K.L.:
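I'd like to ask you about the structure that follows.
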Amino acid sequence: MLIIGCSHGKHLAKKVAKSAKAPYAELFVNKFPDGELYARFRNSLKGKKVVLVQSFYGNINDALAEVVFAAQTAKELGAKKVTLVAPYFPYLRQDKRFKPGEAISGHIVGKLLSSYLDEIYVMDPHLHRDKTLGRIFQISSHRLTADPLIAQYIKKNIHNAVIIGPDWESYKWAKKTALMIGAEYRILEKKRYSSRHVDVRITKPLHLKGKTAVIVDDIVSSGHTLLETIKDLHRLKPKKIVCICVHGIFAENALQKLRKAKAEVVACNTIPNPVARIDVSGMLGESIRE
Ligand code: R5P
C-alpha cells in the first residue's frame with residue numbers, strides 16, 4: 001500500500017500513513033497561469049494499492065479534478081487498486097432537485113469518481129435523503145464517523161454538558177454523541193430559507209442554567225445555523241456555549257462571527273482550520289489498514 005497526500009489532504013495524509021503503517025508520498029501538483037492543473041507522481045506505482053488522501057475545501061473543484069487526474073494516472077502506471085480517503089466529501093447536501101432544473105450535484109460527483117476509483121472512505125458524509133453511500137457511489141464505499149472522537153473530547157474537556165442538535169439532520173451526530181457519554185440532549189427545529197437565511201427554534205422547555213450547551217453538527221459552512229442556535233441558547237443563560245463540528249468549512253468569516261457571538265468553537269481536522277483540535281487521522285489510517 002502507498003499513501004499519497006494530494007494537495008488538500010496533505011495536512012492529514014502523513015499521519016494516516018503512519019497509523020496505517022504504510023509508506024507515504026506526495027502528489028506533485030502545480031497550477032498553470034491559465035488555471036489548468038498539472039499533476040505528477042514521483043514514485044513507482046506498479047502493482048501497488050494506491051490510497052489518495054484528499055479533502056474538499058477551498059477550491060473544491062480543483063481538488064476534484066486533481067483526484068480524477070491522479071486516479072486515472074495511477075491506473076495507467078500500473079496501480080493494482082486506487083482508493084480515495086476523503087476526510088470531507090463535498091456536494092452531498094444537494095441530494096435532490098429542490099427547484100426544477102437543478103443539478104443533483106452529489107449524485108453526479110459520485111458517479112464521476114466511481115468511474116475512476118475502486119474504493120472510497122468518507123468521514124461523516126452528509127447523508128440525508130440518500131441513506132447510504134451506496135446511493136452516491138457505484139464502487140465499494142465505507143462511511144466513517146467521528147462521533148466517538150467528539151464524545152471523547154466532550155468527556156475530557158467539558159463538564160455538565162447538554163448536547164444540542166440545531167436541526168433534525170444533526171441528530172445523527174448530536175444524539176449519538178450524547179448517548180455515548182450519557183449526557184442529556186435536545187434536537188431543535190430549523191427552517192432554511194436560503195444558504196444564508198435560517199431560522200432555528202427551541203420548541204420544548206430546555207433548562208441550561210449552570211450547564212454548558214454543546215451544539216454538535218456535521219458541517220459549519222456560513223455559520224448561520226449555529227449563529228441562530230447560539231442566539232436562542234443565550235436567552236436560556238447557560239454557563240457557556242461550545243460548538244463542535246466534524247467539518248469546519250467556516251466560509252465568509254464564520255469562525256470570527258461565532259466567536260463574536262460568545263461561543264467557543266472546536267472542529268475535527270478533516271479540513272485544516274485554527275480550531276481543528278479533534279484528530280481523525282488515526283481512525284482513517286486504522287480503517288484502511290483493516
Ligand atoms: C445541514 O443540514 C448541515 O447539517 C449543517 O447544519 C449546515 O450545512 C450548516 O450550514 P451553515 O453553516 O451554512 O448554516
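In what follows, residues are counted from 1 in the order of the sequence shown. First listed ligand is number 1; within each ligand, the first listed atom is number 1. Keep in mind that what you see is a predicted model, and the values were worked out from it rather than measured.
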K.L.:
Does Val198 come within less than 4.0 Å of ligand 1, judged by its heavy atoms?
P.N.:
no
K.L.:
What residue and heavy atom of the protein are closest to atom 13 (O) of ligand 1, and at what distance?
P.N.:
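Going by distance alone, atom 13 (O) of ligand 1 is nearest to Ser222 OG, 2.6 Å.
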K.L.:
Could you tell me whether Asp218 approaches ligand 1 through its side chain, its backbone, both or neither, with non-hydrogen atoms closer than 4.0 Å?
P.N.:
side chain
K.L.:
Any idea which protein heavy atom is nearest atom 1 (C) of ligand 1, and the distance to it?
P.N.:
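Minimum-distance protein heavy atom for atom 1 (C) of ligand 1 reads His126 CE1, 3.6 Å.
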K.L.:
Within 45° of the ring axis of Phe28 and under 6.0 Å from its six-membered ring centre, is that where the NZ or CZ of Arg42 lies?
P.N.:
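Yes, Arg42 sits over the ring of Phe28.
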K.L.:
With a 6.0 Å cut-off on ring centres, are Tyr57 and His8 close enough?
P.N.:
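For Tyr57 and His8, the ring centres are under 6.0 Å apart.
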K.L.:
Taking the side chain as everything from C-beta on, heavy atoms only, tell me whether Leu37 gets closer than 4.5 Å to Phe69.
P.N.:
yes
K.L.:
What residue and heavy atom of the protein are closest to atom 8 (O) of ligand 1, and at what distance?
P.N.:
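Checking every protein heavy atom, the shortest distance to atom 8 (O) of ligand 1 gives Arg93 NH1, 2.8 Å.
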K.L.:
Can the ring centroids of Phe137 and Phe89 be said to lie less than 6.0 angstrom from one another?
P.N.:
yes
K.L.:
Taking the side chain as C-beta and beyond, is there a heavy-atom pair between Tyr91 and Asn61 under 4.5 Å?
P.N.:
yes
K.L.:
Please identify which atoms of ligand 1 are closer than 4.0 Å to at least one heavy atom of Val220.
P.N.:
12 (O)
K.L.:
Please report the interatomic distance CG(Leu2) to CZ(Phe41), rounded to the nearest 0.5 Å.
P.N.:
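Rounded to the nearest 0.5 Å, the CG-CZ separation comes to 8.5 Å.
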K.L.:
Considering heavy atoms of the protein only, find what lies nearest to atom 14 (O) of ligand 1 and give residue, atom and distance to 0.1 Å.
P.N.:
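Heavy-atom neighbour on the protein nearest atom 14 (O) of ligand 1: Thr225 OG1, 2.6 Å.
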K.L.:
Compute the minimum heavy-atom distance from Gly223 to ligand 1 and say whether it is under 4.0 Å.
P.N.:
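Judged by the 4.0 Å heavy-atom criterion, Gly223 does count as contacting ligand 1.
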K.L.:
Report yes if the side chains of Glu119 and Ile139 come closer than 4.5 Å at any heavy-atom pair, otherwise no.
P.N.:
no
K.L.:
Who's the nearest protein heavy-atom neighbour of atom 9 (C) of ligand 1, and how far?
P.N.:
Ile219 O, 3.4 Å
K.L.:
Please work out which of His128, Glu169, Arg196, Glu252 has its closest non-hydrogen atom nearest to atom 2 (O) of ligand 1.
P.N.:
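Among His128, Glu169, Arg196, Glu252, the closest heavy atom to atom 2 (O) of ligand 1 belongs to Glu169.
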K.L.:
Could you tell me the residue and atom name of the protein heavy atom closest to atom 6 (O) of ligand 1, and the distance to it rounded to 0.1 Å?
P.N.:
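Of every protein heavy atom, Asp217 OD2, 2.6 Å lies nearest to atom 6 (O) of ligand 1.
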K.L.:
Can you label the angle between the Tyr38 ring and the Phe32 ring as parallel, tilted or perpendicular, going by 30° and 60°?
P.N.:
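Tyr38 vs Phe32 ring planes: perpendicular.
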K.L.:
So, does Glu102 use its side chain to make a donor-acceptor pair with the main chain of Phe98 at under 3.5 Å?
P.N.:
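Here the side-chain-to-backbone pair exists.
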K.L.:
Examine the proximity of ligand 1 to Ile249 and report which part, side chain or backbone, both or neither, has a heavy atom under 4.0 Å away.
P.N.:
neither
K.L.:
Going by the closest heavy atom to atom 7 (C) of ligand 1, which one wins out of Arg192, Glu228, His224, His247?
P.N.:
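Of the listed residues, Arg192 has the closest heavy atom.
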